[in-house]
Amino acid sequence: MYRLLILSFIAVSCVCRAECIDSLLVVLDQTIDESEKYEIERCKRIDQINIWLSNPEITEESEYKLNSKMYDEYESYVCDSAWKYVNRNIQLATKKGRTDWLRESNVKKAHVLATGGLFTESVSLLKSMSPFELESDEMRALYYKCLSDAYLYQTENNEDNEYFFVYNDLCRQYSDSALLYVKKGSYLELITLAPELVKDGKIAQSIELLQNSLVDYPTDSHERSVVYSLMSFAYYCSSDFDRQMECLIRSALSDIRSVVMENRALREVSEILYKKGDLVRANKYLKKSLSDATKFNSRLRNMQSSKMLPVIDAAYQKQKEEQQTKMKRYMWIISLLSVLILLAMAYIYRQMNKLSSANSKLKDLNNEFKDLNGELVRMNDAMTSTNGQLRELNHIKEEYVGRFMELCTIYIAEFDSFRKKLHKASGSTKVSDMQRLLSSDESVEAILKEFYKTFDKSFLNLFPDFVESVNCLFPEEYKIELKSNDRFNTEVRILSLIRLGITDSEKIASFLRCSITTIYTYRSKMKNRSLCPDDFEAQVMAIGYDSV
């Protein structure tokens with residue numbers, strides 16, 4: 001059971017590590033595509049230093065420092081340019097008689113010669129100097145590290161012959177010498193000590209040392225690239241190939257971001273991908289590595305990339321040919337399927353024509369049904385409208401018939417009372433009292449007042465919100481205000497009669513016992529004051545009521 005858990009944990013770890021590598025490869029693809037923008041930034045820095053160097057009033061000491069800056073920019077970018085600026089410093093040192101400048105510049109030149117593939121010349125230049133003449137332990141450490149690197153490059157160049165072990169031993173000897181002088185905790189100590197720990201079998205200690213140092217270097221620095229490269233070597237020696245691959249990819253990413261053209265890591269990633277069968281990426285990465293090595297002008301890196309390029313390119317071309325063969329086979333299959341699909345489409349098209357014809361007939365019938373249905377809807381709407389009008393008229397009739405009967409009763413009583421008064425007056429000798437009764441308008445005015453009161457009340461029963469609705473048709477300054485909620489003024493009575501369908505001015509004048517001219521004046525004034533003078537009376541006719 002315990003063994004099964006361990007195996008499960010290992011399997012899960014392997015899957016997670018594979019997913020991490022796949023993600024890093026995607027990032028590496030994107031970073032390679034964007035490599036030009038990183039190079040532009042480096043070129044901007046170089047251009048700025050050139051501007052400073054072109055100053056005619058520059059001192060020799062300032063020129064020496066600026067040449068050193070240019071060397072730092074070109075040291076991992078373009079080998080020939082780094083060589084050019086270190087030679088300028090050698091000339092300045094000789095001219096000024098500055099032995100400290102001269103020794104420092106010669107050590108840097110030796111480094112450039114080694115990275116450019118001139119190993120023998122590099123070693124000769126270094127051995128022409130005495131390390132004990134150097135001004136500081138830091139320079140002595142750098143001196144021995146340059147010798148160690150020169151033999152390391154020769155080791156890489158002679159991997160397949162008997163001189164490999166000779167150069168490897170010399171490399172270790174000078175690394176040990178460098179460790180005697182390096183500053184504790186420095187970057188130089190880190191990159192010198194870590195490989196030696198691996199060679200001594202202290203792989204875990206080397207990995208821990210390198211891992212802890214990562215926080216000290218930015219992701220786009222050359223130093224971080226070197227640290228990851230050394231970690232990949234340590235993992236390779238411990239047979240942890242997934243972690244080796246991860247560190248190599250991270251090293252290649254830092255190389256591209258810091259514009260390091262001596263990108264050994266990218267070439268090694270390419271070789272591993274070739275072995276895994278990812279020929280597309282392997283070919284892409286190796287060509288990028290070779291292009292950078294050509295720009296850097298390192299014979300060693302050019303040679304290493306050139307060895308693998310034909311192998312990977314041939315495998316890539318073979319894979320492309322196999323894919324093309326498969327594509328041809330698939331094309332034949334697709335062509336056959338296309339013919340079958342065309343036949344099927346022809347049959348379907350024929351059936352669709354039949355179906356279309358049937359659908360057309362069905363559509364015609366449907367349109368007829370729609371027309372009939374529309375006609376029915378219109379008739380139904382007309383009937384609904386007519387029914388509404390009938391209900392309204394019926395309601396008005398019921399209201400006014402009731403009021404008419406009530407008024408008739410009142411008028412009969414009034415006339416009976418008037419008859420009695422006349423009879424009484426006729427029985428007396430007072431003819432003047434009878435004349436006064438006959439000539440008085442009081443009874444008529446009282447009857448009219450009661451009649452209008454009844455009319456107003458009946459109309460409000462039919463249209464309780466009539467005044468508010470009418471006021472909506474007028475601006476604020478012309479809204480109608482009644483002195484009593486149940487008594488209309490002349491304007492409202494005219495509008496009420498219009499709402500009831502009495503639109504003839506003569507009839508309205510007769511009803512209200514005034515002149516036609518007065519009615520015309522009122523109607524005209526209300527139209528002009530309204531918000532809708534063109535269809536004012538139509539809007540009044542459209543006012544509804546709460547109950548029917």
Side-chain angles (χ1 to χ4, degrees), residues 71-72 75-76 82 103-104 106-115 119 122-123 125-127 129-132 134-157 164-218 221-238 244 247-248 250-251 254-255 258 260 262-265 268 298 300:
Y71 168 84
D72 292 338
E75 181 255 333
S76 59
R103 293 186 186 109
E104 180 183 11
N106 279 329
V107 171
K108 289 181 178 179
K109 182 176 180 178
H111 174 71
V112 172
L113 291 171
T115 55
F119 315 123
S122 174
V123 172
L125 178 59
L126 288 169
K127 288 191 173 180
M129 304 163 54
S130 171
F132 302 106
L134 297 173
E135 285 68 22
S136 63
D137 285 347
E138 183 180 356
M139 282 303 301
R140 277 185 280 274
L142 187 60
Y143 170 86
Y144 285 118
K145 184 68 172 86
C146 284
L147 271 172
S148 175
D149 287 345
Y151 285 116
L152 174 64
Y153 295 143
Q154 291 204 61
T155 301
E156 292 180 22
N157 197 35
F164 172 83
F165 296 103
V166 175
Y167 293 130
N168 190 54
D169 288 341
L170 288 169
C171 174
R172 293 204 63 182
Q173 288 175 25
Y174 286 114
S175 288
D176 292 340
S177 299
L179 288 172
L180 296 174
Y181 297 101
V182 292
K183 182 181 178 181
K184 298 300 179 185
S186 66
Y187 170 72
L188 188 59
E189 182 194 36
L190 175 70
I191 63 174
T192 306
L193 178 60
E196 296 305 307
L197 289 173
V198 174
K199 292 173 184 177
D200 291 338
K202 300 175 182 178
I203 297 175
Q205 186 177 340
S206 175
I207 291 172
E208 183 180 4
L209 176 67
L210 293 166
Q211 187 72 48
N212 292 337
S213 71
L214 285 173
V215 295
D216 298 328
Y217 309 109
S221 66
H222 181 39
E223 291 81 3
R224 193 179 185 90
S225 168
V226 174
V227 171
Y228 271 124
S229 180
L230 294 174
M231 284 177 67
S232 73
F233 173 68
Y235 282 122
Y236 170 78
C237 293
S238 65
Q244 176 209 5
C247 289
L248 281 173
R250 294 186 185 278
S251 177
S254 295
D255 277 340
S258 59
V260 172
E262 192 202 5
N263 49 13
R264 173 181 175 180
E268 292 187 2
S298 169
L300 174 62

**Test item: side-chain donor near acceptor, Ser251 and Ser229, under 3.5 Å** = no
**Item:** Shortest non-hydrogen contact from Asn212 toward Val215
**Value:** O-CG2, 3.5 Å
**Prompt:** Are side-chain heavy atoms of Lys199 and Cys171 found at a separation under 4.5 Å?
**Reply:** yes
**Tyr71 side chain to Lys108 backbone, donor-acceptor under 3.5 Å** = yes
**Prompt:** So, do Leu230 and Val227 sit near enough that their side-chain heavy atoms are less than 4.5 Å apart?
**Reply:** no
**Request:** Look at the side chain of Tyr143 and the backbone N and O of Leu126, then say whether any donor-acceptor pair between them is shorter than 3.5 Å.
**Result:** yes
**Fill in**
Heavy-atom nearest pair, Val198 first then Cys237, reads CG1-SG, 3.6 Å
**Prompt:** Does some side-chain heavy atom of Val123 sit less than 4.5 Å from a side-chain heavy atom of Tyr151?
**Reply:** yes
**Asked** How far does OG1 of Thr155 sit from OH of Tyr167, to the nearest 0.5 angstrom?
**Response** 8.5 Å
**Request:** Hey, could you give me the CG/CG distance between Leu152 and Leu170, rounded to the nearest 0.5 Å?
**Result:** 12.0 Å
**Message:** Any non-hydrogen side-chain atom of Tyr228 less than 4.5 Å from a side-chain atom of Leu214?
**Reply:** yes
**Asked** Is a side-chain donor or acceptor of Arg140 paired with a backbone partner of Leu134 at a separation under 3.5 angstrom?
**Response** yes
**Complete:** Interatomic distance, CE@Met231 vs CG@Leu210, rounded to 0.5 Å, equals 6.0 Å
**Asked** Crowded around Glu135 CD? As in, over 12 foreign heavy atoms under 6.0 Å?
**Response** yes
**Message:** With a 4.5 Å cut-off on side-chain heavy atoms, are Tyr144 and Leu180 touching?
**Reply:** no
**Minimum heavy-atom distance between Val112 and Thr115, given as atom pair plus value** = O-OG1, 3.0 Å
**Message:** Keeping Ser206 on the side-chain end and Lys202 on the backbone end, is there a donor-acceptor pair under 3.5 Å?
**Reply:** no
**Asked** Do you know which two heavy atoms are closest between Leu190 and Leu209, and how far apart they sit?
**Response** CD1-CG, 3.6 Å
**Asked** Judged by modelled atom types alone, do His222 and Glu75 share a side-chain donor-acceptor pair under 3.5 Å?
**Response** no
**Distance, nearest 0.5 Å, that separates NZ of Lys109 from SG of Cys146** = 13.5 Å
**Item:** For the student: nearest non-hydrogen atoms of Ser254 and Ser221, plus distance
**Value:** CB-O, 3.8 Å
**Prompt:** Mind checking whether Glu138 and Lys183 have side chains closer than 4.5 Å, heavy atoms only?
**Reply:** no
**Item:** Audit row: Val182, Leu179, side-chain contact (heavy atoms from CB on, under 4.5 Å) steps and yes/no
**Value:** CA-CA 5 Å; Val182 292; Leu179 288 172; 4.2 Å; yes
**Item:** Smallest separation among heavy atoms of Ala234 and Ile203, with atom names
**Value:** O-CG2, 3.4 Å
**Asked** Got a donor-acceptor contact below 3.5 angstrom from the Thr192 side chain to the Glu189 backbone?
**Response** no
**Step-by-step salt bridge (charged side-chain N to carboxylate O under 4.0 Å, His left out) determination, Lys145 to Asp149** = CA-CA 6 Å; Lys145 184 68 172 86; Asp149 287 345; 2.6 Å; yes
**Prompt:** In Å, rounded to the nearest 0.5 Å, how long is the span from SG of Cys247 to CD1 of Ile207?
**Reply:** 8.0 Å
**Request:** Rounded to the nearest 0.5 Å, what's the gap from CG on Asp137 to CG on Leu142? Could you check?
**Result:** 12.5 Å
**Prompt:** Is there a side-chain hydrogen bond (donor to acceptor under 3.5 Å, both in side chains) between Tyr217 and Glu223 once you walk through the steps?
**Reply:** CA-CA 6 Å; Tyr217 309 109; Glu223 291 81 3; over 6 Å; no
